[in-house]
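Just so it is clear, the values below take in all heavy atoms, side chains as well, and ignore hydrogens, waters and symmetry mates. Only a predicted model underlies this, so the values are computations on that prediction, with no experimental measurement involved. Read the numbers this way: they start at 1 and go in the same order the structure lists the ligands and their atoms.
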Amino acid sequence: MADKSASRGPARSRASRRLLIAVDGPAASGKGTIARALALHFGLPHMDTGLLYRAVALNLWRWGSDLGSEFEALRACEPLALDATDVELRSEPVSCIASAISAYPSVRAALLERQRQFAQQRGGAVLDGRDIGTIVAPDADVKLFVTASPQVRAERRVRELLERGLPGHYDDVLADIRARDERDTKRAIAPLKAAADAILLDTSGLDRDAAIAAAVRLVQEQLGQT
Ligand code: CDP
């Protein structure tokens, strides 16, 4: 008879071992790119949790709802059509609404369970957002906190918007990034902050490939794979 305890012993295969990676950071810091690349590298599913907040924001925007009402924002959490290819999800108005409604406790609670379930799946996952290492997955095996200067982030976001065919003006985008940083770090519930055990990665001077290589190296070091 097969030894069922074998899969729980120290010699269990890498595939059966959980690897949960939390990637947090401010807007346009490169966390999404890094999280996607880590997922690919380690063969894990990936969730961009910002998309959930953006989908709620897009509902409100399309319904013409009162943007200052927590009740309306909570109503907009269902149904949540998550079409990652919808370019409007990435537009500046939707980014601003997402940042505003993400401060509502009832909205965060409504979206939390879905994120936790994703994080707790067998084998693990990579999630990126603002509160993954602190609230959604405080038990993550590796936590990265990705930063970059506001100016570098604004340049990246403008490039990204233009590539998507959306309008993007540097001064407006920089002002929006500063405003979102302020809101995201100062809100009372689940503010943007590095977990005490997070590893900091400043991507200001790194291009895409260098940032990804640095992130992979940091995760491997943390896992004792180097
Ligand atoms: O891509 P970018 O960093 O600009 O934003 P995002 O990750 O798509 O998140 C959009 C907004 O959702 C942010 O400004 C946050 O206010 C909010 N958010 C959050 O509060 N918690 C998360 N885990 C993810 C996003």
Side-chain angles (χ1 to χ4, degrees), residues 21-36 46-61 67 70 73 76-77 80 82-119 125-138 140 143-150 152-161 163-164 166 168 172-195 198 203 211:
I21 304 177
V23 184
D24 290 301
S29 56
K31 65 184 183 315
T33 303
I34 284 173
R36 273 191 302 278
H46 165 238
M47 177 184 260
D48 170 355
T49 63
L51 273 186
L52 300 176
Y53 293 91
R54 287 174 179 276
V56 175
L58 189 56
N59 272 349
L60 284 167
W61 176 249
L67 301 178
E70 178 167 1
C77 291
L80 215 53
L82 261 186
D83 175 8
T85 62
D86 188 336
V87 286
E88 280 208 293
L89 278 173
R90 302 279 174 195
S91 67
E92 279 300 288
V94 168
S95 300
C96 291
I97 300 168
S99 169
I101 56 99
S102 66
Y104 292 139
S106 60
V107 169
R108 300 204 74 85
L111 301 180
L112 184 59
E113 196 43 40
R114 188 188 294 237
Q115 298 172 68
R116 287 217 168 126
Q117 272 175 16
F118 192 89
V126 182
L127 288 88
D128 74 88
R130 301 289 190 286
D131 60 343
I132 309 303
T134 51
I135 308 282
V136 176
K143 299 177 186 178
L144 292 184
F145 193 83
V146 184
T147 59
S149 71
V152 167
R153 291 190 280 133
E155 280 167 21
R156 286 183 190 153
R157 186 47 49 92
V158 168
R159 246 195 334 266
E160 211 175 284
L161 287 167
E163 274 167 19
R164 289 195 157 104
L166 292 162
D172 297 343
V173 171
L174 180 59
D176 169 56
I177 278 183
R178 288 193 198 279
R180 281 210 283 151
D181 283 358
E182 170 93 4
R183 261 201 308 269
D184 289 351
T185 51
K186 300 231 165 108
R187 69 181 171 221
I189 179 165
L192 165 68
K193 72 164 188 231
T203 64

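- Ionic pairing of Arg157 and Glu160 is present here: one or more N-O contacts between side-chain nitrogen and carboxylate oxygen are shorter than 4.0 angstrom.
- Distance from atom 8 (O) of ligand 1 to its nearest protein heavy atom, with residue and atom name: Arg54 NE, 2.6 Å.
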Residues Leu161, Glu92; criterion side-chain contact (heavy atoms from CB on, under 4.5 Å); working and verdict: CA-CA 9 Å; Leu161 287 167; Glu92 279 300 288; 3.8 Å; yes
Stepwise side-chain contact (heavy atoms from CB on, under 4.5 Å) test for Arg114 and Val136: CA-CA 10 Å; Arg114 188 188 294 237; Val136 176; over 6 Å; no
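- The only member of Asp86, Leu58, Leu60 that meets side-chain contact (heavy atoms from CB on, under 4.5 Å) when paired with Val94 is Leu58.
- Counting all heavy atoms, side chain and backbone alike, Val158 lies closest to Gly168 at CG1-O, 3.7 Å.
- Looking at Gln115 next to ligand 1, no N or O pair under 3.5 Å apart turns up.
- No hydrogens or angles considered: nothing links the side chains of Arg90 and Ser95 as a donor-acceptor pair under 3.5 Å.
- Of the protein's non-hydrogen atoms, Arg130 NH1, 3.1 Å is the one closest to atom 7 (O) of ligand 1.
- Applying the 4.0 Å criterion to heavy atoms of Ser102 picks out, from ligand 1, the atoms 15 (C), 16 (O), 17 (C), 20 (O).
- For ligand 1, the polar-atom distance check finds no N/O of Tyr53 at less than 3.5 Å from any of the ligand's N/O atoms.
- The only member of Thr33, Thr203, Asp128 that meets side-chain contact (heavy atoms from CB on, under 4.5 Å) when paired with Val146 is Thr203.
- Ligand 1 has a nitrogen or oxygen under 3.5 angstrom from a nitrogen or oxygen of Arg157.
- Atoms of ligand 1 lying under 4.0 Å from at least one heavy atom of Asp184, given by number and element, are 13 (C), 14 (O), 15 (C), 16 (O).
- Judged by distance alone, the side chains of Arg187 and Ser102 do bring a donor and an acceptor atom under 3.5 Å apart.
- Within ligand 1, the atoms closer than 4.0 Å to a non-hydrogen atom of Arg180 are 4 (O), 5 (O), 10 (C), 11 (C), 13 (C), 14 (O), numbered from 1 in the order shown.
- In terms of protein heavy atoms, atom 24 (C) of ligand 1 is closest to Thr49 OG1, 3.5 Å.
- Residue contact check: Gly129 has heavy atoms under 4.0 Å from atoms 23 (N), 24 (C) of ligand 1.
- Atom CG in Asp24 sits 9.0 Å away from atom OG in Ser29 (nearest 0.5 Å).
- Regarding atom 3 (O) of ligand 1, its nearest protein heavy-atom neighbour is Lys31 NZ, 2.5 Å.
- When only interatomic distances are considered, the shortest N/O to N/O separation between Ser95 and ligand 1 does not fall below 3.5 Å.
- Scanning Ala103, Ala57, Ala190, Ala98 for the heavy atom closest to atom 11 (C) of ligand 1 points to Ala98.
- Considering Asp181, Asp184, Thr185 in turn, Asp181 is the only one that fulfils the side-chain contact (heavy atoms from CB on, under 4.5 Å) rule with Pro26.
- Looking at Met47 against ligand 1, nothing comes within 4.0 Å, counting heavy atoms.
- By the criterion of a heavy-atom distance under 4.0 Å, the backbone of Ala28, and not its side chain, is placed next to ligand 1.
- A salt bridge is defined here as a Lys NZ or Arg NE, NH1 or NH2 lying under 4.0 Å from an Asp or Glu carboxylate O, and Asp131 with Arg108 meets this definition.
- Gly50 CA, 3.6 Å is the protein heavy atom nearest to atom 9 (O) of ligand 1.
- Ligand 1 lies out of reach of Arg183, whose nearest heavy atom is not under 4.0 Å from it.
- Arg108 NH2, 3.0 Å is the protein heavy atom nearest to atom 21 (N) of ligand 1.
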